[in-house]
Amino acid sequence: MQYRIDPKSGNKVSALGLGCMRFPGYQVGRPDVASARRIISRALERGVNYLDTAYLYPGNEEVVGAVLDELGARESVFLATKLPHASCKRAEDFDRFFDEQLRRLRTDHIDYYLIHNVTSPSQWERVCALGIEDWIARQKRSGRIRQIGFSFHGSAGDFPVMLDAFAWDFCQVQYNYANEYYQAGTAGVLSAAERGLAVFVMEPLLGGRLAGKLPTEAFKVFEQAGDAELKSPVDWALAWVWSHPQITMLLSGMAAPEQVDQNVRVANLANPGCMDEKRMRAIARVQKIFEAANRVPCTGCNYCMPCPRGINIPGCFSAYNASFAHGWFTGVQQYFTASAIRTSAPKLVSNCVHCGACTRHCPQGIDIPARLQDVGRRLTPGPVGAVLKAMASKGNADKGNR
Ligand code: SF4
Ligand code: SF4
């Protein structure tokens, strides 16, 4: 395993961290414990020493805590979790959430604690007014929190404001070859590193959109490059991130032990500066192809779910993007599956009542109801849409009769 030094703490952190959010079963809020155990075990065997979870990943902290306990591995890893700041209404809430997290994770301290999903400095100012700065100082003095940071999904302009808003130890940003100028972006990575912070990366594969969901043409570019070391789109995407010396660690949401093996192999060869001119030419071509098909920047994080009208929001956006990346018919097939079209109560995008419950949770700032209309227009045009809408109404009426 390649290890990199956290410039603030001096910790030797594995270049590859395990993002626990995407364990099998996470989409229904019940992580599959046996799968999680296999993935965590393999990751630890292969030298991964950083695990990332969050209060808001349903059932996730409990599973991570139980598996680490069972393996007797708590002290051999850096454990990261996150504060659900939007749910903190008074100062006591900081302790309430944190104590619960320690219980769930079966530990007495958190190595890397993050303010979760900051999209604007005003969110930080709100919790400052509740006294979070003093609370953090107390936790650090007592050793319950070792390193403090924030995960960020806001604008490039707001990122330096957040960097300077507190004496952070680290930050976590969305970064990959398709997001050089999106959210914190390359400029943000450089700014954080200049300030001496450890920079941790999330979404290196954009929720799989730079892996198996990559446009067919982009697959071909990587194949034609014939690289001796980078064999798959995943290898290319991870190596691109690790080629930046400013990056301390990259989180990958590995969903099977084989994915751990694949990513560790790349981690061992992707050193700073590993992307030579030939590789960067291939990346530049893929960036163009991806950009043309990237109609909705959904990463499938599920933060917007559940929708009270039962709409599978990430599934609909995945189908919509697939219709540009892999052809219209593929998108329609995926949309039919995502909206349970063959059941008695399909959940079509036309079910949306524009309540807005989803949009405020989206870290990508997507206007979800508006973009769902785009999905409907493209994937259920004209008479097809009318027939499906009638089926959905009938299904919902039948359901109400039971
Ligand atoms: S706005 Fe539409 S998609 Fe979003 S939660 Fe409300 S009904 Fe569901
Ligand atoms: S629409 Fe936004 S919140 Fe919902 S899954 Fe996609 S990126 Fe996540």
Side-chain angles (χ1 to χ4, degrees), residues 19 21-23 25-29 54-58 60 82 84-87 116-120 123 151-155 172-176 178-179 182-184 202-211 213 251 253 255 290 293-325 331 334-335 337-340 345-380 385 388-389 392-393 395-396 399:
M21 185 183 87
R22 296 184 195 271
F23 283 152
Y26 89 98
Q27 279 172 323
V28 289
Y55 184 91
L56 292 175
Y57 303 161
N60 203 273
K82 314 187 189 79
H85 65 86
S87 301
H116 193 180
N117 185 19
V118 175
T119 55
S120 151
Q123 295 169 329
S151 63
F152 184 79
H153 283 291
S155 70
Q172 189 163 303
V173 296
Q174 175 168 325
Y175 195 48
N176 53 68
N179 288 158
Y182 182 65
Q183 296 188 5
M202 55 187 162
E203 300 289 2
L205 302 174
L206 259 182
R209 297 192 56 212
L210 304 184
K213 297 177 185 171
L251 284 168
F290 180 83
N294 184 30
R295 303 305 171 103
V296 180
C298 174
T299 61
C301 69
N302 256 21
Y303 289 6
C304 55
M305 296 288 280
C307 156
R309 302 287 293 171
I311 299 168
N312 177 351
I313 299 168
C316 290
F317 289 149
S318 176
Y320 183 67
N321 284 327
S323 76
F324 292 97
Q334 289 189 12
Y335 174 62
T337 303
S339 56
K347 303 290 190 276
L348 304 175
V349 293
S350 54
N351 284 11
C352 176
V353 290
H354 297 254
C355 68
C358 51
T359 306
R360 62 175 169 269
H361 297 297
C362 180
Q364 309 301 328
I366 299 167
D367 181 348
I368 294 172
R371 301 315 306 273
L372 286 178
Q373 287 189 338
D374 295 341
V375 175
R377 273 192 290 271
R378 179 163 171 85
L379 300 183
T380 55
L388 293 178
K389 202 168 174 180
S393 313
N396 288 332
K399 203 176 173 197

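In each ligand, atom 1 is the first atom listed, and ligand 1 is the first ligand listed.
- Residue-level proximity to ligand 1 for L372 is carried by the side chain, the only part with a heavy atom below 4.0 angstrom.
- Near Q364, meaning under 4.0 Å from one of its heavy atoms, ligand 2 places the atoms 7 (S).
- Considering only non-hydrogen protein atoms, atom 6 (Fe) of ligand 1 sits nearest to C355 SG, 2.3 Å.
- Checking C358 against atom 4 (Fe) of ligand 1, an N/O/S atom falls under the 2.8 Å cut-off.
- In this structure, SG in C304 is found 12.0 Å from CZ in R360, a value given to the nearest 0.5 Å.
- Remark: ligand 2 atoms within the under-4.0 Å shell around heavy atoms of I368 are 1 (S).
- We find the CG-CG distance between N294 and L206 to be 7.0 Å, quoted to the nearest 0.5 Å.
- M202 and S151 get closest at one heavy-atom pair: CE-CB, 4.0 Å.
- Within the coordination shell of atom 8 (Fe) of ligand 2, defined by N, O or S atoms under 2.8 Å, C362 is absent.
- Atoms NZ and OG, on K213 and S318 in that order, are 4.0 Å from each other to the nearest 0.5 Å.
- Residues I368 and T359 come closest through the heavy atom pair N-OG1, 3.8 Å.
- Considering only non-hydrogen atoms, atom 8 (Fe) of ligand 2 lies nearest to C301 out of C316, C298, C301.
- Near N302, meaning under 4.0 Å from any of its heavy atoms, are these atoms of ligand 2: 5 (S), 8 (Fe).
- Judged by the shortest distance from any of its heavy atoms, P363 lies inside the 4.0 Å radius around the atoms of ligand 2.
- Nearest-residue assignment for atom 1 (S) of ligand 1 (options P308, G356, C307; heavy-atom criterion): G356.
- Q364 and T299 get closest at one heavy-atom pair: NE2-CG2, 3.6 Å.
- Residues V173 and A184 share a closest heavy-atom pair of CG1-CB, 3.7 Å.
- Residues A255 and R22 approach most closely at CB-O, 3.9 Å, considering heavy atoms.
- Every atom of ligand 1 with a heavy atom of R309 under 4.0 Å away is listed here by number and element: 7 (S).
- Looking at atom 4 (Fe) of ligand 2, its nearest protein heavy atom turns out to be C304 SG, 2.3 Å.
- Using a 4.0 Å cut-off to heavy atoms of P369, the atoms of ligand 1 that qualify are 1 (S).
- Of all the atoms in ligand 1, the ones that sit under 4.0 Å from a non-hydrogen atom of C352 are 1 (S), 2 (Fe), 3 (S), 7 (S).
- When all heavy atoms of M21 and Y303 are compared, the closest pair comes out as SD-CE1, 4.0 Å.
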